[in-house]
Amino acid sequence: MSREISLAEVKKHNKADDLWVVIEDKVYDLTKFKQEHPGGEDSLISVAGRNGTREFLDVGHSQEAREIMKKFLIGNLAAADIKKKGAVGCREIGLAVGAIILGMALVYAIKRGIAKN
């Protein structure tokens with residue numbers, strides 16, 4: 001599927017009778033699927049006209065669900081609207097280093113406590 005669809009276009013299709021959703025940078029027209037959706041219509045309507053990737057992944061859809069989705073694929077999200085994954089920031093590095101130090105201190109304290117007994 002080579003059709004590029006902008007997020008602005010997706011946002012126009014945000015109703016139960018006209019329901020487009022972005023999942024993993026692909027655009028799906030789920031208007032005809034909403035009544036068949038095992039999670040109910042409301043779960044699709046809640047992400048209509050926007051990126052529903054997080055909700056989709058949080059539920060943990062099966063491979064079968066991913067196969068069904070292919071029937072409703074209408075295009076790819078426009079490159080300009082795809083969020084780039086940024087580099088790891090200082091905050092994340094600091095948290096990781098802090099967790100490692102805390103873990104090492106905990107192991108040391110436990111070993112020291114066991115050695116005393």
Side-chain angles (χ1 to χ4, degrees):
M1 178 72 38
S2 60
R3 179 177 172 207
E4 261 201 7
I5 303 170
S6 70
L7 191 55
E9 179 64 24
V10 173
K11 288 179 180 183
K12 296 176 187 175
H13 303 272
N14 61 0
K15 297 179 179 38
D17 62 343
D18 184 19
L19 198 159
W20 290 13
V21 177
V22 176
I23 299 173
E24 296 179 327
D25 300 329
K26 299 204 179 306
V27 181
Y28 298 89
D29 181 351
L30 301 177
T31 307
K32 294 180 180 173
F33 180 67
K34 69 181 181 298
Q35 291 179 335
E36 300 172 38
H37 187 253
E41 289 182 42
D42 291 341
S43 62
L44 291 181
I45 293 168
S46 71
V47 294
R50 66 179 184 87
N51 193 326
T53 301
R54 184 178 23 170
E55 291 84 350
F56 180 82
L57 295 175
D58 285 350
V59 170
H61 285 82
S62 66
Q63 189 58 40
E64 181 182 3
R66 291 178 180 273
E67 287 298 316
I68 292 169
M69 287 171 57
K70 290 178 183 179
K71 295 189 295 189
F72 302 99
L73 178 65
I74 58 171
N76 294 312
L77 188 61
D81 292 322
I82 295 175
K83 291 184 180 175
K84 305 215 181 337
K85 294 183 172 103
V88 176
C90 290
R91 180 176 183 271
E92 289 83 7
I93 293 171
L95 288 172
V97 170
I100 291 169
I101 292 171
L102 184 61
M104 291 171 53
L106 184 60
V107 168
Y108 175 78
I110 290 171
K111 283 185 177 182
R112 188 172 171 144
I114 291 172
K116 285 186 176 181
N117 291 332

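As the structure is a computational prediction, the values presented were derived from the model and not from experiment. Along the sequence shown, residues are numbered consecutively beginning with 1.
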| request: State plainly whether the residues Glu9 and Arg3 are in salt-bridge range, i.e. N to O under 4.0 Å. | output: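 No, no charged N to carboxylate O under 4.0 Å.
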| query | Can you check side chain to side chain contact (heavy atoms under 4.5 Å, CB included) on Met69 and Glu24, steps first, answer last? | reply | CA-CA 12 Å; Met69 287 171 57; Glu24 296 179 327; over 6 Å; no
Counting C-beta onward and ignoring hydrogens, is there a side-chain heavy-atom pair between [X] and [Y] closer than 4.5 Å?
{"X": "Glu64", "Y": "Glu67", "result": "no"}
{"X": "Lys32", "Y": "Lys71", "result": "no"}
{"X": "Phe33", "Y": "Glu36", "result": "yes"}

| said: Determine whether a donor-acceptor pair (N or O, by modelled atom type, separation under 3.5 Å) exists between the side chain of His61 and the backbone of Phe56. | reply: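 Yes; at least one donor-acceptor contact below 3.5 Å.
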| For the side chain of Lys26 and the backbone of Leu73, is there at least one donor-acceptor N/O pair under 3.5 Å apart? |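 Judged by distance alone, no pair lies under 3.5 Å.
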| message | Under 4.5 Å between side-chain heavy atoms, counting indirect links through other Ile/Leu/Val/Met/Phe/Trp/Tyr residues: same cluster for Val59 and Phe72 or not? | response |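 No, Val59 does not connect to Phe72 through the hydrophobic network.
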To the nearest 0.5 Å, how far apart are [atom1] in [X] and [atom2] in [Y]?
{"X": "Leu77", "Y": "Ile5", "atom1": "CG", "atom2": "CD1", "value": "8.5 Å"}
{"X": "Asp25", "Y": "Asp81", "atom1": "CG", "atom2": "CG", "value": "9.5 Å"}
{"X": "Asn76", "Y": "Ile82", "atom1": "CG", "atom2": "CD1", "value": "7.5 Å"}
{"X": "Met104", "Y": "Leu102", "atom1": "CE", "atom2": "CG", "value": "11.0 Å"}
{"X": "Ile68", "Y": "His37", "atom1": "CD1", "atom2": "NE2", "value": "9.5 Å"}
{"X": "Lys12", "Y": "Asn14", "atom1": "NZ", "atom2": "CG", "value": "11.5 Å"}

| For the student: nearest non-hydrogen atoms of Val10 and Arg50, plus distance |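 That closest heavy-atom pairing would be CG1-N, 4.0 Å.
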| Which atoms form the tightest heavy-atom contact between Ala78 and Ser6, and what is the distance? |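 Closest heavy-atom pair between Ala78 and Ser6: CB-CA, 3.9 Å.
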| request: Test Gln63 against Arg66 for side chain to side chain contact (heavy atoms under 4.5 Å, CB included), laying out the working first. | output: CA-CA 5 Å; Gln63 189 58 40; Arg66 291 178 180 273; 4.1 Å; yes
| said: Can you tell me which residue among Val21, Val47, Ile45 is in a side chain to side chain contact (heavy atoms under 4.5 Å, CB included) with Leu30? | reply: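 Looking at Val21, Val47, Ile45, the match for Leu30 under the side chain to side chain contact (heavy atoms under 4.5 Å, CB included) is Val21.
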| task | Report the residue from Leu95, Ile100, Ile101 that forms a side chain to side chain contact (heavy atoms under 4.5 Å, CB included) with Val97. | result |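 Answer after filtering Leu95, Ile100, Ile101: Ile101.
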